[in-house]
Structures are given as C-alpha cells and as structure tokens.
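Note that this is a predicted model, so its numbers are computed, not measured. This chain uses plain numbering: 1 for the first residue, then up along the sequence.
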Amino acid sequence: MSKEDEERRKAIRELLQKIVSEVAVVNRQPVRADDPVMVLPTIMKVLADDAAVEHERVLQRHANEYEDFAYRCRSDAKETAQNIINVSLTACRSQISDAADESAALMREAIKIEMAGAIAELRTENEANQRNHGPIVLAGGLLAILGGVAALAAVVLKIM
C-alpha cells in the first residue's frame with residue numbers, strides 16, 4: 001500500500017470518527033462506529049437539515065431577485081404612464097390652442113363682416129341725415145360703431 005493510500009484511509013477514519021462523535025451528540029448516547037442503525041439515520045438527518053438550510057437560502061435569494069424585478073417593473077410602468085400622460089396633455093394643449101386660434105379667426109371675420117355692414121348702413125343713413133342733421137349724426141354713428149367694436153372685443157376676449 002502506498003503512502004497516499006495510507007493517508008487517505010487515515011483521513012477517512014478521522015472523518016468517520018467525527019461523524020460517529022456527532023451521531024453520539026445528536027442522539028445523546030454512545031455510538032460505535034460499526035452501529036449502522038444509529039449512524040445512517042443520523043447522517044441522513046444531518047444531510048437533510050443541511051439541504052433544508054441551503055434550500056431556504058436559495059429560496060430567499062430568488063425571492064429577493066423577484067422583489068427587485070417587481071420593483072423595476074413598477075418603476076418602468078410608472079415612467080411609461082407618466083410619458084403617456086405627458087404626450088396626451090401636449091396633444092390636448094395643441095388641439096385647444098388650434099381650436100382657439102380658429103375660433104378667434106372666425107370671430108375676427110364675423111366682426112369684419114358685421115362692421116362692414118354697419119359702416120355701409122351708417123354711410124347710407126349719414127348721407128340721408130347729413131342733409132338734415134350734419135356732424136351730430138356722424139359723431140353718434142361713430143360712437144355706435146366704437147361701442148359695437150368694444151362689445152365684440154369683450155366677447156372675443158371671453159372666448160379666448
């Protein structure tokens with residue numbers, strides 16, 4: 001037998017002696033190295049306990065990984081929702097601004113048409129009245145026009 005084999009056998013005997021000592025401690029009674037009834041179940045129990053501890057450690061590591069993943073998913077979902085809301089708000093602002101601009105343009109056009117009609121009517125009345133009342137009627141007509149413009153401007157400003 002080689003020296004390596006002897007050293008290996010010695011290491012095995014020492015390990016076996018440690019196991020037998022541990023079996024004796026676990027079972028609280030003296031055990032012989034050749035007592036398989038006590039040694040084998042105790043070894044199996046120790047191995048099962050060690051496996052349970054390792055299993056719990058692995059489960060905890062996986063639980064932590066899943067929690068981290070869930071947190072990242074929540075953060076990503078929150079950021080995505082905020083982006084969607086911001087884009088929607090920007091689109092709404094743009095549509096409201098466009099609608100207000102269009103409404104203002106239509107109102108300006110309506111004011112121009114009404115004013116042109118009122119001016120033409122006043123000119124006609126003015127020509128008829130100029131022969132009768134002269135400058136007083138002209139001043140009253142201009143005041144009426146200014147009042148109409150002020151009223152329409154107030155309406156436009158309320159709309160905008």
Side-chain angles (χ1 to χ4, degrees), residues 4 7-8 11-12 14-28 36 38-130 135-160:
E4 286 181 7
E7 287 178 10
R8 194 175 304 144
I12 290 173
E14 288 174 4
L15 179 62
L16 182 59
Q17 186 57 41
K18 283 182 183 179
I19 291 172
V20 168
S21 297
E22 190 171 331
V23 168
V25 169
V26 167
N27 293 306
R28 295 185 187 133
M38 294 298 284
V39 174
L40 239 70
T42 304
I43 290 174
M44 296 302 286
K45 181 182 181 318
V46 168
L47 290 175
D49 291 346
D50 289 349
V53 168
E54 180 65 18
H55 182 75
E56 185 63 33
R57 189 187 65 76
V58 168
L59 282 176
Q60 188 60 44
R61 188 184 77 220
H62 285 299
N64 291 341
E65 288 175 5
Y66 288 135
E67 286 175 8
D68 291 344
F69 177 72
Y71 179 76
R72 285 193 309 268
C73 286
R74 281 193 301 268
S75 296
D76 291 348
K78 180 180 178 182
E79 184 178 321
T80 300
Q82 286 174 339
N83 289 341
I84 289 170
I85 289 170
N86 289 340
V87 167
S88 297
L89 286 174
T90 301
C92 287
R93 282 186 195 120
S94 176
Q95 288 176 347
I96 290 170
S97 177
D98 292 348
D101 290 346
E102 184 179 334
S103 176
L106 291 172
M107 192 60 111
R108 279 191 300 270
E109 199 59 37
I111 290 172
K112 284 181 186 178
I113 292 170
E114 286 296 319
M115 292 306 294
I119 290 172
E121 189 178 314
L122 284 174
R123 277 190 185 146
T124 306
E125 285 181 25
N126 185 33
E127 289 172 1
N129 289 331
Q130 203 170 27
I136 295 172
V137 173
L138 181 61
L142 289 175
L143 285 175
I145 290 172
L146 288 175
V149 168
L152 287 174
V155 169
V156 168
L157 289 175
K158 274 190 178 179
I159 289 174
M160 294 173 104

Q) When rounded to the nearest 0.5 angstrom, what is the spacing between SG in C73 and NZ in K78? A) 15.0 Å
**Q.** More than 12 heavy atoms from other groups under 6.0 Å of CD on E7
**A.** yes
Q | N64 side, atom CG; L59 side, atom CG - distance, nearest 0.5 Å | A | 11.0 Å
Q. To the nearest 0.5 Å, what is the distance between CG (D101) and OG (S97)?
A. 4.5 Å
(Q) Nearest 0.5 Å, please: how far is CD in E67 from CD in Q60? (A) 7.5 Å
Q) Can you name the salt bridge (Lys or Arg N to Asp or Glu O under 4.0 Å) partners of E65, sequence neighbours left out? A) R61
Q | Polar side-chain atom of T90 near backbone of N86 as donor-acceptor pair, under 3.5 Å | A | yes
Q.
Just verifying a value: how many Å separate S88 OG and R93 CZ, rounded to the nearest 0.5 Å?
A. 11.0 Å
Q. Are the side chains of V25 and S21 in touch, meaning some heavy atoms are under 4.5 Å apart?
A. no
Q: Look up atom NE2 in H62 and atom CZ in R57, then write down how far apart they are to the nearest 0.5 Å.
A: 9.0 Å
